[in-house]
Amino acid sequence: MEEKKQVETPQNNEAKKPKTDEVKKPQPRKKPQPRKKPQHNHNGNKKPTQPKDKDGNVDQNAKPVADKDGNKNPNAKKPQQRRNKQKFQSARTKPSALEGNENWQNDMRKTIEANKRVQKERLEKFAQLNLKTDAKIRITPLGGLGEIGGNICVFETDTSAIILDVGMSFPSEDMHGVDILIPDFSYLRTIKKKIKGIVITHAHEDHIGALPYLFKEMQFPIYATPLPLGMISNKFDEHGLKAQKKLFRPVEKRKVYQIGDFDVEWIHITHSIIDASSLAITTEAGTIIHTGDFKIDHTPIDGYVTDLHRFAHYGEKGVLALLSDSTNSYKEGITRSESTVGKTFDAIFSKAKGRVIMSTFSSNIHRVYQAIDHGVKHGRKVCVIGRSMERNLFTAMDLGYIDFDKSIFIDPHEVNKYNDKDVLIVTTGSQGETMSALYRMATDEHRHIKIKTSDQIIISAKAIPGNEGSVSKVLNFLLKSGANVAYQDFSEIHVSGHAAQEEQKLILRLTKPKFFIPVHGEYNHIVKHRETGISCGVPARNTILMGDGDQIEVCPKYVKKVKSVKIGKVFIDNQINQQISSDVVIDRQKMADAGMVMIVAQIDKSEHKLIGKPKVVSYGLVPDSKDHAFSKEMEGIIDQFVINSKKELIQNTRAFENELRGVVRKHIYRKMKKYPTIVPTIFVM
């Protein structure tokens with residue numbers, strides 16, 4: 001029997017190495033192999049030998065099994081791999097694991113493409129909008145853009161229109177004697193016959209404060225949830241508009257109301273006031289979502305969280321345009337919950353040794369509720385001071401939004417009957433209003449409450465832009481009185497009612513609008529919000545930045561600006577609830593800036609000269625010590641003017657006064673660079 005040849009393997013360390021000086025015997029039917037010279041590497045060492053096949057021939061494709069010292073080569077090709085070479089392909093020839101099964105690979109590719117289509121469809125639900133319709137909506141903000149407050153916006157089709165909110169705003173410091181500003185209603189007068197109703201998002205003053213002034217001129221049905229209607233009712237009582245309450249239309253949330261060409265649904269949203277809403281406004285052109293003022297509070301005081309499901313519902317149907325609150329567009333992350341303020345209140349009440357006086361917005365019912373709730377827990381009686389604060393609180397109680405035993409409340413004249421540590425005073429004045437209860441307390445002008453050094457005062461609000469000076473002034477008064485004041489030194493004494501960036505993104509992602517229109521806030525706020533919208537997938541060409549008076553047209557095919565309408569502000573004296581003429585405010589500003597000069601003179605028209613010396617009195621122009629010299633100077637100017645005047649001018653008293661006013665103003669400007677208000681009174685004898 002022929003002896004079986006031993007097969008060399010990398011695993012057999014005892015395998016014999018072929019001798020390089022031996023010549024192999026020729027195998028049957030094989031050509032003899034020539035003797036090979038030993039191969040050396042550049043160091044002079046022998047190179048590792050090559051493995052051989054079963055016939056003893058060197059396998060040129062195989063890697064060496066072992067080096068000259070007998071160490072294994074990990075990259076050597078194994079005999080089993082060589083034997084199965086015909087059966088299996090080399091790993092070098094397989095480009096992908098998927099190529100082993102063409103059906104599986106095709107299925108995978110189809111699934112990937114299908115998933116891409118699903119993602120595209122769910123993120124672009126607006127593709128369901130009817131592009132064949134000729135319907136369109138025009139949107140015209142008359143207030144609330146480029147400013148904080150004064151929110152009012154008109155939505156209209158060819159045949160009907162609705163007004164969204166009618167709010168007021170605060171005046172600047174140079175608007176002397178002005179308490180509030182309301183929008184100019186000129187555009188509403190031009191479309192009065194088309195207007196089918198007013199829809200209200202919530203009960204803050206910057207959304208309902210101008211309604212009484214609108215209703216004194218024109219009336220329309222008001223659609224709102226109960227709390228806003230209750231607070232509007234209080235305003236109408238003040239303005240003698242009780243009869244107009246017949247136009248109130250209470251609405252239920254998650255129910256659609258037809259108002260002219262519009263189907264409107266109120267969607268519950270969380271904000272810094274109870275019963276706030278966003279609106280879904282639907283016409284033949286599509287659905288527009290208007291968020292109103294909002295934040296996403298997952299732990300609100302009343303437990304009524306934002307109805308995110310309705311936003312998602314409309315997002316799945318396809319949203320034509322989203323108008324969203326931009327007030328906090330620079331704030332990253334999320335806005336803290338209203339409930340976090342309660343912990344701060346609890347800490348302050350537990351340390352307070354005297355009275356606690358808390359001031360906030362009168363409409364922030366949940367903030368007031370938390371203060372009262374913690375006051376009662378610490379055994380304090382509650383005194384509510386301020387007409388708007390008292391009215392709003394008890395309206396919310398009467399409507400069942402909050403619940404307190406009325407025995408906890410005391411009147412202002414009863415405060416001194418109790419120990420200081422047993423009293424909580426809730427009042428208005430967080431914005432430094434000069435007529436507010438807190439301001440009068442700080443200036444020692446309040447009838448019943450005088451600030452004590454043992455008082456703990458809480459201002460649970462942030463200054464509205466433009467009110468910083470007023471808030472600072474009242475803070476200074478309070479600190480001078482020796483009281484302890486908690487304002488911005490407590491990080492959680494106030495939380496915003498407006499959404500930060502992550503909440504804004506959530507609404508954008510839920511609604512998936514075709515067009516995005518940031519609203520509410522100064523221009524830099526809406527610019528920043530636009531950037532957030534683009535980051536959430538809205539194409540830049542589908543966003544538009546608006547200002548008050550800009551009218552845009554939107555339909556499934558496009559959004560564009562079509563024209564501008566007249567806008568402006570009307571000045572209101574809130575003490576008498578009447579309008580102040582704009583020229584009155586301008587005169588006040590001029591007098592405050594440049595002073596006033598009054599001239600009284602008599603003229604003899606036959607002699608063409610002054611009768612006696614004219615009387616010249618100035619205010620805010622020169623110091624008292626120089627009044628006499630200024631009067632003498634003006635006498636010379638007036639006398640010269642009279643001498644040079646034509647007879648016809650002197651006989652026309654009004655024209656003469658106007659000419660004299662111009663001459664005196666020019667002279668004063670040349671000397672003092674001021675344009676004072678000149679008031680001449682001329683008697684022609």
Side-chain angles (χ1 to χ4, degrees), residues 147 170-181 184 186 434 466 468-470 472-473 566-573 575-576 578-685:
E147 62 176 331
F170 290 104
S172 58
E173 291 185 352
D174 63 343
M175 296 178 184
H176 307 286
V178 178
D179 296 312
I180 64 171
L181 305 175
D184 186 333
S186 296
T434 55
E468 293 88 353
S470 300
S472 179
K473 184 184 294 184
K566 182 183 177 183
I567 59 166
K569 297 296 182 185
V570 176
F571 309 112
I572 300 295
D573 184 340
Q575 305 308 308
I576 56 176
Q578 290 183 3
Q579 178 180 341
I580 305 172
S581 178
S582 59
D583 57 347
V584 172
V585 177
I586 292 171
D587 286 344
R588 291 174 181 175
Q589 291 172 337
K590 287 181 178 178
M591 287 187 285
D593 180 62
M596 180 176 69
V597 177
M598 298 180 66
I599 300 170
V600 180
Q602 291 180 322
I603 299 175
D604 186 334
K605 63 180 178 180
S606 60
E607 295 291 332
H608 218 91
K609 65 178 183 179
L610 289 171
I611 300 174
K613 293 181 179 181
K615 184 175 181 62
V616 180
V617 180
S618 68
Y619 297 96
L621 188 63
V622 297
D624 292 344
S625 61
K626 294 184 179 181
D627 273 346
H628 181 70
F630 178 75
S631 297
K632 291 290 290 182
E633 184 180 350
M634 289 299 101
E635 287 173 14
I637 299 296
I638 297 167
D639 186 48
Q640 191 65 37
F641 176 74
V642 173
I643 293 172
N644 295 332
S645 297
K646 295 180 180 180
K647 184 178 180 179
E648 295 81 7
L649 182 62
I650 293 177
Q651 290 177 345
N652 187 337
T653 305
R654 183 178 294 275
F656 183 85
E657 288 178 350
N658 287 336
E659 290 288 338
L660 178 61
R661 183 182 292 111
V663 169
V664 173
R665 180 181 285 112
K666 287 180 182 179
H667 177 78
I668 292 174
Y669 180 76
R670 281 195 297 266
K671 293 197 66 176
M672 304 178 182
K673 303 302 179 187
K674 291 288 185 182
Y675 283 117
T677 300
I678 312 296
V679 186
T681 305
I682 305 300
F683 297 95
V684 179
M685 310 300 289

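Along the sequence shown, residues are numbered consecutively beginning with 1.
Looking only at side-chain heavy atoms (C-beta outward), L621 and I668 come within less than 4.5 Å of each other. In this structure, I572 and Q578 have side chains that are not in contact, with every pair of non-hydrogen atoms separated by 4.5 Å or more. With contacts defined as side-chain heavy-atom distances shorter than 4.5 Å, the pair E648/N652 does not qualify. For the pair R588/M175, no side-chain contact is recorded, criterion being any heavy-atom separation below 4.5 Å from C-beta on. A heavy-atom distance below 4.5 Å is not found between the side chains of T677 and V597. Taking the side chain as every heavy atom from C-beta outward, Q651 and V684 never approach each other to under 4.5 Å. A heavy-atom distance below 4.5 Å is not found between the side chains of M598 and K615. You'll find the side chain of V679 stays beyond 4.5 Å of the side chain of I599, heavy atoms only.
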Checking side chain to side chain contact (heavy atoms under 4.5 Å, CB included) for the pair V664/M634: CA distance, chi angles, key distance, verdict? CA-CA 8 Å; V664 173; M634 289 299 101; 3.8 Å; yes
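When each of V642, V663, L660 is tested with I637 by the rule side chain to side chain contact (heavy atoms under 4.5 Å, CB included), just one qualifies, namely V663. Residue V584 forms a side chain to side chain contact (heavy atoms under 4.5 Å, CB included) with just one option from I586, I580, D587, and that option is I580.
Note that the CG atom of D604 and the CG atom of L610 stand 10.0 Å from one another [nearest 0.5 Å]. To the nearest 0.5 Å, atoms CD (E659) and CZ (F656) are separated by 9.5 Å. To the nearest 0.5 Å, atom CZ of residue F641 and atom CD1 of residue I603 are 8.0 Å apart. Of the inter-residue distances, the one linking I678 atom CD1 with M596 atom CE reads 9.5 Å to the nearest 0.5 angstrom. Between I567 atom CD1 and D184 atom CG the span is 8.5 Å, to the nearest 0.5 Å.
Relative to the ring axis of F571, K569 does not place its NZ or CZ within 45° and under 6.0 Å from the centre.
In this structure, E657 contributes its side chain and I682 its backbone to a donor-acceptor pair below 3.5 Å. Between the D639 side chain and the E635 main chain, no donor and acceptor come within less than 3.5 Å of each other. For S631 (side chain) and V616 (main-chain N/O), a donor-acceptor pair under 3.5 Å exists by modelled atom type.
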